[in-house]
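First up is the structure itself, then whatever we jot down about it.
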There are 2 protein chains.
Amino acid sequence: MKNKTKMRETGCPVAYGLDTFGDRWSFLILRDMMIRDKKTYGELLEMEEEIATNVLADRLKQLEAADIISKVRDPENRRSYIYSMTAKGYDLAPILTEIMVWSGEYDQRPFALRNVPDLIKKDRKGFLAKISGG
Amino acid sequence: MKNKTKMRETGCPVAYGLDTFGDRWSFLILRDMMIRDKKTYGELLEMEEEIATNVLADRLKQLEAADIISKVRDPENRRSYIYSMTAKGYDLAPILTEIMVWSGEYDQRPFALRNVPDLIKKDRKGFLAKISGG
DNA sequence: CTGGATCCCAATAGATACTG
DNA sequence: CAGTATCTATTGGGATCCAG
C-alpha cells in the first residue's frame with residue numbers, strides 16, 4: 001500500500017471523505033462493484049479506463065482497510081478472491097449517484113453517455129435501491 | 001496549471017466527474033466557497049487543512065477552466081479578485097452534501113464533527129437550498 | 001498590500017515488466 | 001489469477017519571488 005498520505009484530522013467530514021476515497025480511481029472500482037457487479041481482481045482489471053495492476057491492488061487494499069469492501073477466498077476456486085461491498089461501502093451509493101447525475105448534466109463531449117443519468121433522474125430511489133446492497 | 005492528467009474519454013459519467021474534481025483538494029475549496037462563503041484567494045488559503053499556495057492556485061485555475069467557478073476583479077478593492085460559484089459549480093452541492101452525510105455517519109475518530117451532518121439529515125433540502133446558489 | 005508564479009525537492013501515483 | 005518490483009512521471013510542501 002503506497003498511499004500513506006496522512007489523514008487530515010480537522011474533524012471536517014468533507015476532509016475525511018476525501019482522505020478516504022478522494023482520488024481518480026477509487027470510485028471507478030466502486031462503480032464496477034456496485035453497478036456492474038464485479039467481484040474479482042481480474043474482472044476489475046478489465047475496466048475500460050485501463051487501471052494499472054499496482055493501482056488496482058493498492059486501492060483494493062485501501063478500500064479494505066477503510067472497511068468499504070471486504071475480501072474472502074472464492075470457495076469454488078481456491079486461487080481466487082471474491083471482493084464485496086460492506087454496508088459502509090454501499091452507503092457510498094448516494095455519492096456515486098450524484099456524481100453520475102452531475103456529469104450526465106454537464107459532460108457535453110460527443111461520446112458522453114447520458115442515458116444512465118437520465119434513468120437516475122427518472123427514478124433516483126429505484127436506482128439507489130438497485131445498487132445499494134447488491 | 002500542473003495537472004495535465006488526461007481525461008478518460010470512455011463516456012462514463014463517473015470517470016468524467018473524477019477527472020474534473022477527483023482529488024484531495026478541489027472539494028475543500030468548494031466547501032469553503034459554498035458553505036463558508038469565502039470569496040478570495042487569501043480567505044481560501046486560511047483553510048484549516050493548510051493548502052499550499054501553489055496547490056490552491058492550480059486548483060482555482062482548473063475549477064475555473066471547468067466552469068465550476070469564475071473570477072472577477074473586486075470593484076471595491078482593485079488589487080483583489082472575487083471568486084464565485086457558477087451554476088455548474090452549485091450543482092455539485094448534492095455531492096458535497098452526500099459526502100458530509102456519509103462521513104458524519106462513519107468517521108468515528110474522537111475529533112470528528114458530526115453536528116453538521118446531523119443537521120443535514122434533519123433537513124437535507126433546507127441545507128441544499130442554503131448552499132445552492134448562495 | 002493581494003494574488004499569485006516559480007523553484008526546489010521530497011513524496012506519491014502510475015506504467016510496465018515480472019513473479020508466487 | 002492476483003498481485004509485487006522497479007522505474008518514471010506527477011503532485012505537493014515550503015520558501016521565495018514578482019506584478020498590479
Side-chain angles (χ1 to χ4, degrees), chain A residues 1-10 15 18-29 32-33 38-66 69-84, chain B residues 1-10 15 18-29 32-33 38-66 69-84:
Chain A
M1 179 140 43
K2 269 182 197 171
N3 188 4
K4 293 284 184 198
T5 41
K6 62 182 173 306
M7 296 288 269
R8 291 166 291 200
E9 311 197 327
T10 53
L18 295 176
D19 285 343
T20 306
F21 52 70
D23 70 273
R24 286 173 72 251
W25 292 105
S26 294
F27 258 104
L28 290 180
I29 295 171
D32 276 18
M33 292 184 66
K38 295 189 181 176
K39 296 176 182 335
T40 68
Y41 180 93
E43 286 170 355
L44 290 165
L45 201 57
E46 287 165 10
M47 70 171 68
E48 67 269 40
E49 288 85 5
E50 303 192 315
I51 190 168
T53 62
N54 60 336
V55 176
L56 176 58
D58 178 68
R59 294 306 184 281
L60 287 171
K61 274 187 193 166
Q62 282 181 229
L63 292 170
E64 194 184 359
I69 64 174
S70 65
K71 101 190 211 191
V72 293
R73 279 204 176 276
D74 184 347
E76 302 184 353
N77 178 356
R78 271 307 173 87
R79 50 191 169 186
S80 187
Y81 293 95
I82 300 288
Y83 290 92
S84 54
Chain B
M1 180 139 45
K2 271 185 196 168
N3 188 5
K4 294 283 184 198
T5 42
K6 61 181 173 309
M7 297 287 270
R8 291 166 291 200
E9 312 196 328
T10 53
L18 295 176
D19 285 342
T20 306
F21 53 70
D23 69 274
R24 286 173 72 252
W25 293 105
S26 294
F27 257 104
L28 290 181
I29 295 171
D32 276 17
M33 292 184 66
K38 296 189 181 177
K39 296 176 182 333
T40 67
Y41 179 92
E43 286 169 356
L44 290 164
L45 201 57
E46 288 165 9
M47 68 170 69
E48 67 269 40
E49 287 86 5
E50 303 193 313
I51 191 169
T53 62
N54 59 341
V55 176
L56 177 57
D58 178 67
R59 294 306 183 281
L60 287 172
K61 273 190 191 167
Q62 284 182 226
L63 291 170
E64 195 184 358
I69 63 175
S70 65
K71 104 191 212 190
V72 293
R73 278 205 176 276
D74 184 348
E76 300 183 353
N77 178 358
R78 272 308 175 87
R79 49 194 169 187
S80 187
Y81 292 94
I82 300 288
Y83 289 93
S84 54

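Computed from heavy atoms alone, side chains included, the values below leave out hydrogens, waters and symmetry copies. Sequence lines set the chain letters: A, B, ... in the order given, protein chains first and strands last, and positions in each chain run from 1.
Between B:R78 atom CZ and C:dT2 atom P the separation is 18 Å, expressed in whole Å. As rounded to whole Å, 12 Å separates atom P of C:dA15 from atom CE of A:M47. Rounded to whole Å, the distance from CD on A:E46 to C1' on D:dC1 is 12 Å. Regarding B:D58, its CG atom lies at a distance of 15 Å from the C1' atom of C:dG3, rounded to whole Å. Atom pair A:I51:CD1 and C:dA13:P shows a separation of 13 Å (rounding to whole Å applied). What separates CZ of A:R24 from C1' of D:dG12 is a distance of 16 Å, to the nearest Å. In this structure, A:L60 places its CG atom 15 Å from P of C:dA13, rounding to the nearest Å. Residue B:L45 contributes atom CG, which lies 15 Å from atom P of D:dG12 at whole-angstrom precision.
When the nucleotides D:dC1, C:dG4, D:dG13 are ranked by their closest atom to the side chain of A:S80, D:dC1 comes out on top.
An OP1 or OP2 oxygen of C:dG14 is reached within less than 4.0 angstrom by a side-chain nitrogen or oxygen of A:R59. Of the side-chain N and O atoms in A:Y41, none sit less than 4.0 angstrom from OP1 or OP2 of D:dT4. At the phosphate of C:dG3, neither OP1 nor OP2 sits under 4.0 Å from any side-chain N or O atom of B:K71. Phosphate contact (OP1/OP2 of D:dT11, side-chain N/O of B:W25, threshold under 4.0 Å): absent. In this structure, A:K61 reaches the D:dT4 phosphate: one of its side-chain N or O atoms is under 4.0 Å from OP1 or OP2.
Donor-acceptor pairing under 3.5 Å, judged by distance alone, is present between the side chain of B:N54 and the base of D:dG13. With hydrogens and angles left out, the side chain of A:T53 and the base of D:dA5 share no donor-acceptor pair within 3.5 Å.
A donor atom on one side chain and an acceptor atom on the other are not found under 3.5 Å apart for A:E48 and B:T10.
Inter-residue side-chain proximity for B:D74 and B:R78 is flagged as unmet; no heavy-atom pair is nearer than 4.5 Å.
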Determine, step by step, whether A:L60 and A:Y41 satisfy the side-chain contact (heavy atoms from CB on, under 4.5 Å) criterion, reporting the C-alpha distance in whole Å, the side-chain angles of both residues, the deciding distance to 0.1 Å, and the verdict. CA-CA 9 Å; A:L60 287 171; A:Y41 180 93; 3.8 Å; yes
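Salt bridge annotation for B:R24-A:D23: absent, with no cationic side-chain nitrogen under 4.0 angstrom from a carboxylate oxygen.
Comparing A:V55 and B:Y81 against DNA chain C, the residue whose closest nucleotide sits nearer the 5' end is B:Y81.
A:A52 comes within contact range of at least one nucleobase, with a heavy-atom separation under 4.0 Å. Using a 4.0 Å heavy-atom distance criterion, A:R79 is classed as a sugar-phosphate-only contact.
Because its NZ or CZ atom is not both nearer than 6.0 Å to the ring centre of A:Y83 and within 45° of the ring axis, A:K39 does not count as a cation-pi partner of that residue.
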